Each structure stands twice: as C-alpha cells, then as structure tokens.
Amino acid sequence: MPGFIRRVLFYAAVGLVAPAVHAGDDPAADAPPAVDARYTLATRSVPEYVARDARGVAVWSAVQSFYRTRDYALAWVAAGRVSPQGVAVARLAAGAEADGLDGAGYLLAGTGPRVVAAAFNGAPASEADAVWDVQLTYTFLKYAADLAGRFDPKSAGPFWLTRPQPLDVAPWLEQALRSGRVVEAFEALSPDHAGYAGLKDALARYRAIERAGGWPELPPRLTLRRGSRSPHLATLRTRLAAEGDLPASSTAGLAGVYDPGLVEAVKRFERRHGLAADGALDAATVAALNVPVGDRIRQIELNLERWRWLPRDLGRRYVVVNVPSFELGGWEGGRRALAMRVVTGKPDSPTMVFSDDMTTVVFRPYWNVPSTIAADEIIPAVLRDPAYLHRNNLELVRGTQVVGRAALLRGDVQIRQRPGTRNALGLVKFVFPNPFNVYLHDTPADALFARPGRAFSHGCIRVEKPFELARWVLSGFPQWTPAAIRTAMQSGRERQLALPEPIPVYITYQTVTAGPDGVSFWPDVYGHDRAQMPLLPRPSAPPWPGPSIAGELGRPAEAGPAPLN
C-alpha cells in the first residue's frame, strides 16, 4: 500500500479526517492533511538519536508531552525549512561544549535520501518536516535539561544539599514558543555570573593547552630551594610558562639555577593552588604541577556543573562562602563588594553545602554548645577538672535558670559560654536558620586565618573580618554607624537584630575559580570532587552517523536545512 494512502487511513482511523464528501463539494477535500507530528510519534519506534538511559527516556517522554499539549502541531519546520527561531536555538546548542557540556549530545541525524527513506517507512516526503521537527525538539529539550544540571550531587554523599533546580522542560518550551522569546529562554538557563563566565574562558584556555600537547611532568621527588641547581629546571620553566605563571620571555633564565624569577613564578603557582606560597619546590607543589591538563579540564567542567545547580537569580545582595578556597564574598548588584578569609569545618565534621537566608545579627552572643561537642569534649574535661567551667567562662543552664555543676550528672542541662572576648563565637554572629545549626561568626582564634588550609571548625564558619561583614550586612540601617556597631560588639549584653530584608547565603564547593587574578585550583578538602567526578558525563561519540547541528542549520535562516531528497 502506498505510504500516502496508509497515512490517510491512519488519520481517518483516529478521527482526524472529516467525513467523506462528494468531489467538488469542497475544494479542499482532496488536499492531504496538514503535516503534524502525530503520525511520526505514533508509527515509529524510539529513534536512534534518543539516548538509551533514564535521562534520554525522560527527555523523549517530554517530547511526546510537548506535542500532545500543542495538538501535535510542528514547532520548527515548515515546507522543508527550519524557522529562524529554530536556527538560532540550534546555534546556541552548537556552542554547548563551551559550557562544559557534551557537544556530541546535540547532533542531528543524517538527512540524505537513504536515511529519509528508512525513517519514513513509505510515508510521503512531506513527513520529513515532522521527522525533522521531532528531532529538533528532542535536541533542544535535552540541551535545556542539561543546562539545568545533569546529575543530583546528593547521590554522591550526604553532605551536599544544593541540587539542580527542577525544570519541567515540555511546558517551559511551549511557554517560550508562545512568548516568541525562545532564544532568550534558552540563554536564561545558563548562570549569569562572572564566576561562571570566568570558568568558561578557563575551559577554552585549558583545552587549547591540551591541543598544543599539554605540559611536561616533573620527577615526583624533586625538591628545590632558591639557588639550587638541577637538570630539571628547563622542564620546570616550560611547565610554569604553560599556564602563564612564568612569562614566556623568562623561560631561559639562568642556566641550571633556581633563580629569583623562577622562585616568584612558583609562588604564583602555589597561591593559585591553595599551597603555602614560599617558593620552595616540595612534594605538594610538584604533585600539583604534575596533574595532567586533561584532569584540570574535567575539574573545570565539574565546577561549571556546580554553578548550574545554584539558583539562576542569586538575589540583589547575597553572601557566597567557598569552602575549598576558604573565602567569603559579599555581592551586591552583580559585583563583589566584600572579601575575606574564613575557617570552615574539619574533614571529619565538614561544613554542609547548602543555602539559606540570613535573618538575624547577634551582637555579643552566647555560645550554646552543641550536644556532640559537649559530650565528646567539654563534659569529660569538666569531670576531670572542676575549675574547667569557670576558666572557660562556661555555665550550665536548665530552661532559663543557671544551675550548679552538680546538675551535670542529671544530663538535662545545656552548656553555654557567656558573651565576651573569649567566647568561641567572638563578638558577633550572623544567623541563617538551618537544620545543621551552621552560622557565620567572629572568633578569638585569629591566627588560623594566616594558614593556606583553614579546615579547623566543627562545621560553622569563622570570618576573618566580622566588623566589616556587620557593616556590609547593616548598610541599609542609617542608625547602625560604624561607631554603633563597635559599641554593640564590645559592650553590653547579647543583642539580636532582625534584618528587614533577608540576605541569601550560599555555601559552595568550587574547587576551580576564575577571576581577575587568573584561574585557581583549590584542594578537594572533603573529597566531593572524587565522589562526583564519576557521575559527570564524559564526552561521547554520536550514536548515529550525522553532521553537527551547526553543520545542518548553521546557514542563513532563509536557506533552510539541507535538502531532504
């Protein structure tokens, strides 16, 4: 049976063809039905271009839902031509590798006569429009889903609560089409933040280094001090020049001597990798130098993914704490207005990765000792030393009453530390209510901020510049002048101040950052990189022979796609 007749019978069977009329009664009676996606979706098996995994199946299901909602009307193709919107979105998808995505996932199947004939199973040539349309929709929905995050980080461990923002791609795309702003909708899926843009630039740069052959490897046991001589110095110079820590014009240097210029280049490298910047080449520095460029590229791709797990709108004013770099930034109007060092949780008591809203500033806070710290550290010390409570400005509280040491044996008391300069929370804390009892706070242990690695707390976050943070947080309060803030920090009782506008706080885990000072690779303090890297999709070969989406549609919109016959 000819394909066209079979198609007409199909439409008649599902009630999409009007009842028969006498020839001549209706000029359109002999016209073929308008091309839509119903026949293509109902008569073909799952196409070869659909990934055979849970994510691919979910996107294909979204494709079917998308067409059902629009009564199977085509979205992109008419008379063998792709709409300008379709071409524009295709060009965006063609640049997906710049975002660290798998570019092979957004290819189009070949469209030569043999492929078309096999795909249509005898359907009329006009059915090519529907095949193209469905394939474009799958590609675009897969691209949108990937931009929203490709895996749930919590599946790699319990200490990560930030997760991809859910995106119901089928209704999202239909709404974008109705608004006529499809390209803008796709562009809005990528994080609009300087940190994300910086990582994209870094990815392009390190891929270029890889294409050029990467960098050389140094002997793992190599150690050097200023003035040392070694036959490996030429290799060290080449290695440092590859990332720009040593100017290319300085690669010659003093033959065989670890000279001052080379020492300064090593210091720059050490600072960018969270190491002690002493310029001494030791095992830790050599290990960082020997990480292959391919591994650095994967690390950048993982950190681009982590940006996509954050809300697309971070807020007008917000705080970002990055655990691997031990840094806090206050952001306002898209610019960083504040920066300082922080101390975060130890590897055995890691700071959770999550976000919440800062609602309260507490001056001269009490420290209510967490039960785990009380049981593991303080109660044993009190039982050994009766003077321990007094010496550390601690008291026992039952309800609202301060009680004596004897009450400790009953086990229904709270241990807390009185306000003051020796208080573990310092003179001010910043509360963003969360189930982990994590907050930002001052500390009397200032010496820890001088260390390159600062994972020393029980999970809370100690800030280097509490006064500056308080000034920035309270900048909308005219009465809270610098003098008023200092007075509240240095005298009086505990005082809680509710913020009229909550400030979002994002605890992040970016092991690669990029900014004006270059690209930095930070230690994987809690092993999140190691746990999540296997979940990050690797670049794949296309599952069918076909040109890239850019190759098929990267032409003037009015020209349409390659011929289908």
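The chain is numbered in sequence order, starting from 1. Note that these values count all heavy atoms, side chains included, but never hydrogens, waters or copies made by symmetry. All values reported here derive from a predicted model rather than from experimental measurement.
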- Query: Can you check side chain to side chain donor-acceptor pair (under 3.5 Å) on Asp524 and Tyr509, steps first, answer last?
  - Reply: CA-CA 9 Å; Asp524 186 15; Tyr509 197 87; 2.6 Å; yes
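Under the 3.5 Å distance criterion, with hydrogens and angles disregarded, no donor-acceptor pair is assigned to the side chains of Arg178 and Gln175. One side chain, Asn322 or Thr508, offers a donor N or O that lies under 3.5 Å from an acceptor on the other. Tyr67 and Thr137 share a side-chain donor-acceptor pair at under 3.5 Å.
Salt-bridge annotation for Lys267 and Glu264: present, with a side-chain N of the basic residue lying under 4.0 Å from a carboxylate O of the acidic one. Taking 4.0 Å as the cut-off between side-chain N and carboxylate O, Arg298 and Asp529 do not count as a salt-bridged pair. Glu501 and Arg317 are not joined by a salt bridge, as no carboxylate oxygen comes within less than 4.0 angstrom of a charged side-chain nitrogen. Using a cut-off of 4.0 Å between Lys/Arg side-chain N and Asp/Glu carboxylate O, Arg207 and Glu301 are scored as salt-bridged.
Within 6.0 Å of CZ on Arg52 lie more than 12 heavy atoms contributed by other residues, nucleotides or ligands.
Pairing each heavy atom of Asp99 with each of Leu203, the nearest pair is C-CD2, 4.4 Å. Nearest approach of Ala144 to Phe186, heavy atoms of both residues: CB-CE2, 3.9 Å. Of all heavy-atom pairs spanning Phe326 and Pro452, the tightest one is CD1-O, 3.7 Å. Minimum interatomic distance between Ser179 and Ala176 (heavy atoms only, all atoms of both residues): OG-O, 2.8 Å. Pairing each heavy atom of Asn434 with each of Val438, the nearest pair is ND2-O, 2.7 Å.
The aromatic ring centres of Phe66 and Trp172 sit 6.0 Å or more apart. Taking the ring centroids of Phe436 and Phe354, they lie under the 6.0 Å cut-off.
Of the possible polar contacts, one joining the Thr139 side chain to the Gln135 backbone as a donor-acceptor pair under 3.5 Å is found. The main-chain N or O of Thr443 is never found under 3.5 Å from a side-chain atom of Arg462 such that the two would form a donor-acceptor pair. Formation of a donor-acceptor pair under 3.5 Å by the Asp357 side chain with backbone atoms of Thr359 is not found in this model. At distances below 3.5 Å, not a single donor-acceptor pair connects side-chain atoms of Arg272 with backbone N or O atoms of Asp245.
Rounded to the nearest 0.5 angstrom, Arg70 CZ and Glu174 CD are separated by 4.5 Å.
The aromatic rings of Phe269 and His273 lie parallel to each other, their planes meeting at an angle below 30°, with 60° marking the opposite boundary. Relative orientation of the Trp331 and Tyr318 rings is parallel, given thresholds of 30° and 60° on the angle between their planes.
Every pair passing side-chain hydrogen bond (donor to acceptor under 3.5 Å, both in side chains) that includes a residue from residues 155-164 is listed here, sequence neighbours excluded: Asp152-Arg163.
For Glu305, the side-chain hydrogen bond (donor to acceptor under 3.5 Å, both in side chains) test picks out Arg150, Arg308, with sequence neighbours left out.
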